[in-house]
Amino acid sequence: MADPSAAAVAHHGPDVTKRDFLKLVTGASAAIGTAAAAWTFIDYMNPSRDVLALSSVEVELTPIVAGQGITVLWQGKPIFVRHRTDKEIKEAEDVKLSELIEPQADSARVKPGHDQWIVLIGICTHLGCVPLGNRPTDPRGEWGGWFCPCHGSQYDTSGRVRHGPAPLNLFLPPYAFESDTKIKIG
Amino acid sequence: MAGLNKSEFTNPVVNWIDTRLPIFTMMQTEYGTFPTPRNFNYFWNFGALAMVTMMIMIATGIFLAMNYQPNAELAFGSIQHIMRDVNYGWLLRYVHQNGASMFFIVTYIHIFRGMYYGSYKSPRELLWMIGVVILLIMMATAFMGYVLPWGQMSYWGATVITNLFSAFPIVGQPIVTWLWGGFSVDNATLNRFFSLHYLLPFVLVGVVFLHIAALHVVGSNNPLGIDVKSPQDTVPFHPYYTVKDSVGLCVFFIVYAVLVFFAPNFLGDANNFIPANPLQTPADIVPEWYFLPYYAILRSVPNKLLGVCMMFGSILILFVLPWLDTSRVRSARFRPIYRQIIWVWVVAVIALGVCGAHKPEGIWVVISRVATLYYFLHFLVILPILGKLERPLPLPESISRPVIGGGGPMPSGATAKPMEKA
């Protein structure tokens with residue numbers, strides 16, 4: 001049994017006892033231990049290293065002729081890479097920002113010096129469908145970009161939303177030009 | 001008809017639930033104020049430890065299944081994927097793998113506790129028999145789990161164990177084919193083993209619930225093996241045994257952690273790092289350590305069918321142990337002869353385990369035969385006769401007044417009135 005004087009030292013007030021302290025320390029240790037163990041279970045469900053290793057893809061641009069786009073898979077998502085014609089670039093650059101649902105200049109959506117290439121995450125910002133429009137034979141909507149078959153959202157040649165219900169422009173993936181004819185996404 | 005439960009909890013939310021579904025009252029009655037013999041020693045930790053291990057096994061198993069592929073082509077690789085690529089996959093897998101060993105260690109000690117202190121005797125026979133069912137489910141689950149990594153030892157262990165059933169005349173071979181779902185251990189076998197390995201732990205949970213329910217009807221045995229006679233003989237389960245179990249749990253976790261972090265493959269077999277090959281049997285086939293004694297019994301008998309029967313019989317015999325032991329004194333403390341021969345039995349079991357790990361040649365055959373013989377002799381001959389011949393020591397009057405071992409009445413500080421906060 002505890003020394004009574006030691007118990008007296010542990011008193012900090014009429015209601016705090018050594019036992020309260022022991023309970024607190026025990027409970028805290030158990031809680032920290034449980035939390036640490038729980039973290040391993042939570043992190044277990046995060047992307048594994050082999051999935052992370054597939055987080056970048058390289059795309060050769062030479063085969064894509066002007067006016068056409070291709071779709072590549074990056075992190076399980078469709079990525080649109082489209083070679084724009086001069087007319088399409090001009091349309092994208094000339095539009096007034098005030099007409100846009102989410103105003104953004106075309107220059108902010110392409111890499112400098114490579115404005116014939118637009119690279120987009122091909123997922124409609126409405127509910128996640130893949131819009132049509134990469135092939136010239138696809139419906140491209142009134143603004144010549146992409147047309148979402150699910151709920152009729154329309155995007156222009158810069159991937160900006162021009163007609164709802166989608167609220168936002170198509171997202172841009174992180175990418176960089178490795179050379180004039182090759183990009184690396186991710 | 002049913003009425004609302006009169007809840008004594010003051011927290012309004014708890015009270016509201018408890019009035020309609022008295023789970024809080026139940027926890028309070030069964031784990032809070034539950035009157036428990038005051039004289040437990042640390043052997044009484046092992047039920048709780050087994051319970052904790054079971055929950056760890058289920059939790060880690062569910063997560064491992066998220067990345068495991070029960071397919072003969074992919075299984076081995078998917079384990080490597082878990083070990084190398086999945087975040088903390090190595091940890092969860094080693095915790096699961098060594099958890100099987102820890103589960104058997106604590107369960108075997110738990111069973112030994114029951115045998116040493118006569119916990120299987122009236123009125124706890126059914127409690128004991130449910131426990132034997134738990135052991136059988138554990139063994140089936142462990143065996144099928146060991147097959148899943150689809151290494152050489154997995155594959156050949158599965159082949160050998162399923163072939164045990166071929167020993168039975170006429171129906172034997174059709175049973176084996178049925179178990180395999182083919183003409184050898186193959187993809188179909190792996191698939192069904194995975195399905196059952198996932199299912200059986202939940203069956204286990206149900207049977208463990210019955211085990212605990214039965215325990216809470218008849219009450220716990222104790223090291224003196226005498227009945228609780230008055231409230232002076234008991235203490236409330238909480239905080240006395242929640243704390244005592246926690247102390248044991250800390251030691252248990254230390255041992256477990258040493259295995260997982262410093263010797264994760266100490267109890268494993270190197271052959272299981274080789275992918276299953278149906279054309280090549282490894283030179284030494286040995287089961288996991290917790291099956292070695294049964295394996296030794298199997299090999300000690302020259303006749304195939306008899307060997308299989310004795311191996312299964314060595315566990316099934318536990319079902320009738322309450323009736324084979326004719327002594328009415330529970331605790332070995334008061335049985336001067338039994339408290340010695342129980343250790344001879346333990347030595348026989350350990351000897352069988354050692355024999356199981358060696359090739360059945362020379363001296364190991366002799367030892368395993370002698371030990372097998374003694375194993376059955378203990379249950380079938382010694383226990384029934386010993387109960388008639390042995391003169392037990394005088395039993396103490398009550399748990400709170402031990403008369404043996406020079407103990408007088410317990411110090412007054414330890415009487416049943418729970419100590420209030422100082």
Side-chain angles (χ1 to χ4, degrees), chain A residues 1-58 72-77 128 173-174 184-186, chain B residues 52-53 55-69 74 77-96 99 238-240 242-254 256-257 260-261 410-415 418-422:
Chain A
M1 279 290 115
D3 182 336
S5 63
V9 170
H11 272 271
H12 291 296
D15 297 330
V16 180
T17 65
K18 189 157 98 177
R19 175 157 300 188
D20 289 331
F21 173 74
L22 290 174
K23 271 185 184 167
L24 195 68
V25 171
T26 310
S29 311
I32 292 167
T34 309
W39 169 247
T40 63
F41 284 87
I42 294 165
D43 194 35
Y44 183 92
M45 292 177 72
N46 274 326
S48 58
R49 276 180 247 173
D50 59 320
V51 172
L52 294 178
L54 299 176
S55 59
S56 69
V57 289
E58 290 183 342
V72 296
L73 201 63
W74 172 70
Q75 290 187 345
K77 295 187 282 261
K184 184 181 178 188
I185 305 170
Chain B
V52 169
T53 318
M55 292 190 294
I56 292 174
M57 291 302 277
I58 289 178
T60 49
I62 287 172
F63 277 75
L64 288 174
M66 293 175 188
N67 282 296
Y68 173 73
Q69 304 285 346
L74 307 172
S78 72
I79 298 284
Q80 297 310 312
H81 172 241
I82 291 171
M83 295 298 291
R84 292 155 193 264
D85 291 339
V86 179
N87 303 319
Y88 293 108
W90 60 273
L91 181 61
L92 264 57
R93 199 256 178 152
Y94 277 151
V95 166
H96 196 76
H238 179 76
Y240 290 91
T242 43
V243 166
K244 189 161 182 139
D245 283 345
S246 304
V247 174
L249 197 60
C250 291
V251 177
F252 167 82
F253 275 137
I254 291 170
Y256 197 169
V260 167
F261 291 108
M410 286 220 174
S412 59
T415 47
M419 279 198 288
E420 297 301 322
K421 272 208 294 192

Pair count under 4.5 Å, heavy atoms only, with chain A: among B:Asn87, B:Asn67, B:Ile82, highest is B:Asn87

Assert top hit (heavy-atom pairs under 4.5 Å, partner chain A, pool B:Val95, B:Leu91, B:Leu64) equals B:Leu64

Going from [atom1] on [X] to [atom2] on [Y], what distance comes out if it is rounded to the nearest 0.5 angstrom?
{"X": "B:Thr60", "Y": "A:Tyr44", "atom1": "OG1", "atom2": "OH", "value": "9.5 Å"}
{"X": "A:Arg49", "Y": "B:Arg84", "atom1": "CZ", "atom2": "CZ", "value": "10.5 Å"}
{"X": "A:Phe41", "Y": "B:Tyr88", "atom1": "CZ", "atom2": "OH", "value": "12.0 Å"}

| query | Is it true that atom CE of B:Met83 has more than 12 heavy atoms of other residues, nucleotides or ligands lying nearer than 6.0 Å? | reply | yes

